[in-house]
Structures are given as C-alpha cells and as structure tokens.
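Note on naming: letters A, B, ... go to the chains in the order of the sequence lines (proteins, then strands), and numbering restarts at 1 for each one. For clarity, every value in this text was computed on a predicted model and none was experimentally measured.
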Protein chains: 2
Amino acid sequence: MGTIYDLAKKTGFSITTVSKALNNYKDVSEKTRAKILKAAAEMDYLPNAHAQSLSTKKSWAIGVMFSEANEVGMKHPFFNGIIESFRHATEEQGYDLIFASRNLRNRDMSYLEHFKHRAVDGIVVICSDRMDEQVQELMQSDIPIVVVDMDSANCSVVYSDNTEGARLAVNYLHDLGHRHIAHIAGDQTIDAGAARVKGYELAMGALGLPIEPGYLVNAGFFSVEEGKQAMEKLLDLESRPTAVFVAGDQMAIGAIEAIHERGLRVPEDISVIGYDDIEMIKYITPKLTTIRQDTDEIGEAAAELLIEQMTAKERRTERRVIPVKLIERASCAPVNN
Amino acid sequence: MGTIYDLAKKTGFSITTVSKALNNYKDVSEKTRAKILKAAAEMDYLPNAHAQSLSTKKSWAIGVMFSEANEVGMKHPFFNGIIESFRHATEEQGYDLIFASRNLRNRDMSYLEHFKHRAVDGIVVICSDRMDEQVQELMQSDIPIVVVDMDSANCSVVYSDNTEGARLAVNYLHDLGHRHIAHIAGDQTIDAGAARVKGYELAMGALGLPIEPGYLVNAGFFSVEEGKQAMEKLLDLESRPTAVFVAGDQMAIGAIEAIHERGLRVPEDISVIGYDDIEMIKYITPKLTTIRQDTDEIGEAAAELLIEQMTAKERRTERRVIPVKLIERASCAPVNN
DNA sequence: CAAAGTACCGAAAGCGCTTTCGGGAAGAGG
DNA sequence: CCTCTTCCCGAAAGCGCTTTCGGTACTTTG
C-alpha cells in the first residue's frame, strides 16, 4: 500500500507536495498533481485514517449508542429501521458508523469514555430509557449528539409525534362507533410511552369519552408477552372495552393472542390498533391496523441534525418531530353492539 | 482530557514512563505507577485510539461488510440476529465494529479499500451473493476475514448445515405420511439456496420419493412476494403437492398467503415447513414449523474464527458448520388423503 | 571490596499524515 | 533593468502514542 513517503520517493517530490496534491491544495501545479495521482494509483496508495485523524482532529466516524430495554439489540424491529436509514444518510456524507463496546481491553469504560477514546465526530443515541446513566452522561458531554425517540431540552432530538398518533388512533376508533376504548400503555418512564398515554387521555377528553376504570393498563416495555398480560386484565373487566389502542405493535400482537385465547375474535368482538408499523404485522391474522412511525424519515432527520453539528463543530439543540400516519388494515371494525 | 504529555508534566515523570505505567510495563515501580494512575484518573485521561493504532498497527476495530439481495440492511430478520451475536462476542474481547461507507469524502472506493484505509484488524462479511465483486475482493485480500452464510475454500467460513436442514424437513414431512413433497427454493447462486436444494434432492432420493415435474420451483431471493408467486405455480399444478418445504421463512409466509387466497388451509390441505426460524413466524397463523438456524451460535463461531486470526496476525482458513434443528409448530399435519 | 546483577527511568526515533511559513523562480509592471 | 506579484514547492513542527536502547543507582555475590 505504501505511505506518502513512498509516493514522495517515487515521484521525486516532497511529502508536503504529495500531501497537498492528494488534498487538492491550490498551490501545486496541475502537472505535478497528475504525476502524483498517477503514482498513487499505481501503487494502490490509500491514506491512513488514523494518521489523518490524528493530525486533523476529525475522524469521520459517528459513535452509535444503541440500547433498549429488551436487550435484543439490532434485532429490535423498530429501531433497526431507524439505524438503517441513519446509516444510509450518513454514509452518503462519508461518515462511518462505529458500534463501540463498553470494554477497552479488560478495563471497562462508559460509552462516553469510549467515544472520546475513539475520537468520534459525533454520537447518535437510539435509546428509550431516559434514566440510563450512560445516556445522561452522553447528553451532558460536549460532543455533537442527536438523540432518537426521546425528548430533551439540551440536545438535538428527533422523535415521532406520539400524542398526535394517539389522537389519530382514538379518533379512528371513535369514528367506527367505539365508545369503550381502552389503552394498553408502554412504560411511563419512556417518553414514547408517556406521550401516547397523554395523547390517549387528551383525545378521549376531546371526544367527551370517559376513561373507564381499569381501561388504562400499563404493560411495561413493549414486548409481546407484556401486551398479552395487559390484554388479559382488560378481558377480566366487567365492562369490557370494545376497542383497544395499544402503544406498540409487539404488544398488540400479544393482545390479539390473548383475545383469541378467550375465544373472541378480532376485529368482530374487539378492535385492536397498534403503534409503529413494524414489518411483521402485515403477516399476522388479522393484519394489524396501526399508527406508522416513519423510520426512514426519523433516521434521515437524525443524520441531518448530527451532520449539521459536526460540520459546524459545535453542539446545537434542535427538536424535530416527525409526523405519523394511520395505516388501515384489518384489525379494526365498526362496533357491533 | 489531556495527553500523556500533560500527565508527564503533572507527575514529573517522562512520557516514556507515563506510557509504560499506563501499559503495565514491568520496569516501572509500583509507587510511580500509582502516582501516574492517580493523576490519570484525576484529569480524566483517556488514550487516543488513533495515536495508539498509528504506533501499534492494531486498531481494535472490525470492519463489517453487510449486504444482501433485498437491500433491507439491518432490517434483515435473519442476518441481524447474526450481527447482534457477533457484536456481543467481539465486544467482550474489546473490539469495536465499524460499518464502513463505500464513499470516502466524495471519492468512492471499494469496501476493501475503505477497510484498509481504516486499518481494521479484521473483516466479517455477512453476505449471500458469492458473485459480488466487493466480496470477492475482500476474500482475496490478506486481511483476516470470516465469511458468514457462504462457503469458500480460501478463507474462514461459517454457515448452517443446510443439507442436513433440508433432510430434516423432508424426513419430517415424510414421517407425517406425505409423499408429494415440493420445494420452493432460494436462488441457486446463493450457497444456502443451492445447498438446501441439494439436501432436498438427496433426502427425497434416500426415501425413494420421486421429484415430480414442477415440484422444484426457484423463488429467487427469499422474499415474501417471491414465495407467494412460487406457491402459486405449485397450486396451478395438476397434481398438487400435499406438503412443501420452503427454503426460507419469509418465502414460507408468502406461500401460506397464496394457499389461503385459494381458499385452502394450512396445514389441513397443505403442510408448509420453512427455514431460518425468524422472530415473526411465531405470530402468524398458523405458527410456522421450521428449521432453526442458530444465529447466536453462528455469530459466536464467526467471532471466534476471526479473533483467532487477528491475534495470530495471520489469515487462516477454517470451516465451521453449525447444526440446525427442527422446530415443530402448527403448519404441518399428517397427510389426510 | 570489586564485579556483576537488578530495578527504574528517560532520550529519541518512529507511526503517517497535515499545515504553516518561508523561499526561489518566473512573470508582470514601471 | 529593477521591483513587486504570483506560482510552486519543501522544511519542519506537530498530532499522541509506543518501544528500543542506554544509563544511572542500588543490591548481591564471591
């Protein structure tokens, strides 16, 4: 591969000139630039990124902190969509993503420490738990950062319009004639969970519908199993809801499972509407009606906000709320009694 | 944060001694090591990874080349499981993963070039298309490498026991009394696709079952839609199969969809068995019986093979075939005629 | 008590690159 | 013909770290 020293020797110029030629400096003649570029191509020269970063203080790397409650990592059906889109957007600008481990050669360190060690230009955190100390630490650092799916006053964030999504869901069910609408909520310590609850309450209020006792059930961290258990509680109620707005698709899958196990039908007996629009819900029975979060848009917005900061080399704090959309499938129907 | 120069100034020792203290060299007394470590902690010192890599020629980074036919990237329900497990295994050893873009500041370069530029210690390629030029280039380089889900004589590889998986599937259907067993195959240019076809043919032969005309249908790149189309071809046949072994879960989902659309039932009219055991098939109706590929095991094996090479600093070529398992669910039943 | 270890420490070179600054040569202007 | 620009180029310092190679000072050993 060789270094600029080899190139210098080969072409007879100094390493200064070689470096300048490679970096399109104006003070090197076209003729010598051509010679140097030719020689570089011949010997398959590639600049060493570490050396470059060392001297320029820019690494063209973005640190990814990815963490969610269920420990599924990249298998997370919603977050991985965001990452993928983020990756595309940053890739176009020449940035590489680095997934840092928390341990550096047996000594373990925080994400922030690791990112500083790696000298990344910026950080993206995709995380739902705002209480996570690691996340707190990152948000308080002075490295350019963007946080996804969580709100914060002192760093750039992007998330979906959760209250509006909840409103869409509730109104849709109301339009179908439902008046007994329950909500299976995600954990309140998670922004998305809390916002959807708030949206549910607001929408119900605006429609003049009471939230009947037991109709608001907290299901935890958005897993199928938790959704199922929550639904069972609703089914045990004396006055069952005719429709339920579930704060996540996976929980909705669990809810439907619970309903089926009681011998009831979706949507004939109970309508279910989910949240997220993850891939698999197109293939379950019935196909799930849901509120789609635009993962492409979210990832792109995150990339944009971060790149902005990195090129300006300063932290900024901007909030981007991405619109949601109701996707009508087959799990909701007009109320039948 | 500071550098070792700051540490040297603060403690009164030379940078040499500081560096040695930090790196546990034997020729520095416990007393001075303690002083230096204390000072390092006080000023939140962190070594600069670029400087370290530059001087040690070791970057503690693994380049990830991730590519599949359907362009879904990290959303790929099978590959992302492998990545996740690979990540865990390498993380424990202190390696970071870097997802490289193909363009370096507007000039675009190959993955190999980019990885050389970044001076990664090793490469993992998770890719199904053996004809991909980029992959070819990587496999022929001299950087430690491990390839997943693909066979090759000249680099370390790990993949599932596809022929055995196919055998398991066919035998299972045979045990249920089926004699008219079709196969919806993945593309033959992909190793996994080819191996499963081979396994199907072998197993059928061993059982003395003929492969009836039209029973082997190629469905392309493992997508739901392609699976559906393939199944439609089978349903158009004069002598329909009573069971079908599908080379991928997503295709199986499509196949079931096709069957349902014809007003037929799974498994009462036609049994379907898939391949992979991706998350979502537990939630479709009927729950899909399938051949499970152990993504955890695959990822770990890949990590192991790669780390071995990286520590030895030499390319090796080892083949690791991971066993598969039949997961019985609800999409197969005894033949009923 | 001299010779030979042993324990600690530091100077300096090197990793591969960028960037400032100055200087020589050639062309422009008077 | 002399001065002032403009155009090219290179010396050298610097980025933050590792590692070799000596060199003291201090113990052992015979």
Side-chain angles (χ1 to χ4, degrees), chain A residues 1-37 39-40 43-61 104-105 107 113 115-121 313, chain B residues 1-37 39-40 43-61 104-105 107 113 115-121 313:
Chain A
M1 266 199 29
T3 71
I4 53 172
Y5 287 88
D6 301 321
L7 272 179
K9 197 171 300 169
K10 181 166 177 176
T11 59
F13 293 101
S14 72
I15 61 158
T16 306
T17 304
V18 170
S19 172
K20 285 179 176 173
L22 259 20
N23 291 292
N24 294 317
Y25 272 61
K26 286 300 149 216
D27 62 343
V28 28
S29 73
E30 267 316 318
K31 201 180 297 182
T32 85
R33 178 197 314 290
K35 275 187 202 162
I36 291 173
L37 259 39
M43 63 189 287
D44 287 323
Y45 169 80
L46 284 175
N48 179 304
H50 298 299
Q52 284 187 154
S53 307
L54 192 55
S55 98
T56 58
K57 308 283 195 188
K58 167 119 190 159
S59 63
W60 291 100
L104 167 63
R105 221 55 204 123
R107 150 164 152 60
E113 287 176 324
F115 288 145
K116 281 188 170 171
H117 164 68
R118 283 280 183 196
V120 299
D121 294 335
K313 287 191 186 267
Chain B
M1 268 199 29
T3 71
I4 52 171
Y5 287 89
D6 301 320
L7 271 179
K9 198 171 299 169
K10 180 165 178 178
T11 60
F13 293 100
S14 71
I15 61 158
T16 307
T17 303
V18 170
S19 172
K20 285 179 177 174
L22 262 19
N23 291 293
N24 294 315
Y25 272 61
K26 287 298 149 216
D27 63 343
V28 31
S29 73
E30 268 315 318
K31 201 181 295 182
T32 85
R33 179 199 312 289
K35 278 187 201 162
I36 291 172
L37 259 38
M43 65 189 288
D44 287 324
Y45 168 81
L46 284 176
N48 179 302
H50 298 300
Q52 279 182 321
S53 306
L54 192 54
S55 99
T56 59
K57 307 286 196 184
K58 166 118 189 161
S59 63
W60 293 98
L104 168 64
R105 225 50 209 127
R107 148 163 153 62
E113 286 176 324
F115 288 145
K116 282 188 169 173
H117 164 66
R118 282 279 183 194
V120 299
D121 294 335
K313 291 196 183 258

Interatomic distance where [atom1] belongs to [X] and [atom2] belongs to [N] [whole Å]:
| X | N | atom1 | atom2 | result |
| --- | --- | --- | --- | --- |
| A/K26 | D/dC8 | NZ | P | 11 Å |
| A/K31 | D/dC9 | NZ | C1' | 14 Å |
| A/Q52 | D/dG16 | CD | P | 16 Å |
| B/L22 | C/dG10 | CG | P | 14 Å |
| B/L54 | C/dG14 | CG | P | 14 Å |
| B/I4 | C/dA11 | CD1 | P | 13 Å |
| B/N24 | D/dT18 | CG | P | 11 Å |
| B/H117 | C/dG16 | NE2 | P | 15 Å |

Touch check for A/F13, heavy atoms < 4.0 angstrom, all strands: base, sugar-phosphate only, or nothing?
sugar-phosphate
Between the first and last five pairs of the helix from C/dC1-D/dG30 to C/dG30-D/dC1, the angle of the axes, rounded to 10 degrees:
40°
Phosphate OP1/OP2 of C/dC9: any B/T32 side-chain N/O under 4.0 Å:
yes
Between B/K57 and D/dT18, does any side-chain N or O lie under 4.0 Å from OP1 or OP2?
no
Does [X] have any side-chain hydrogen bond (donor to acceptor under 3.5 Å, both in side chains) partners at least two apart in sequence or in another chain, and if so, which?
| X | result |
| --- | --- |
| B/K58 | B/Y95 |
| B/D121 | B/S59 |
| A/T56 | none |
| A/S53 | none |

Quick one about A/S14 and A/T17 (side-chain donor to acceptor, distance below 3.5 Å, no hydrogens or angles considered), yes or no?
yes
Could I get a table of every N or O pair under 3.5 Å where one atom is in the protein and the other is in nucleotides 19-28 of chain C?
residue, atom, partner, partner atom, Å
C/dT19, OP2, A/Y25, OH, 2.6

Identified side-chain hydrogen bond (donor to acceptor under 3.5 Å, both in side chains) counterpart of B/H50 within the set A/H50, A/K57, A/H117, A/Q52:
A/H50
Hits for salt bridge (charged side-chain N to carboxylate O under 4.0 Å, His left out) against A/K20, two or more places apart or cross-chain, chain-then-number order -> A/D27
For A/K10, give me all partners under salt bridge (charged side-chain N to carboxylate O under 4.0 Å, His left out), at least two apart in sequence or on another chain.
A/E42
Among all residues two or more places apart in sequence or in another chain, which pass the side-chain contact (heavy atoms from CB on, under 4.5 Å) test with A/L54?
B/N48, B/A51, B/L54
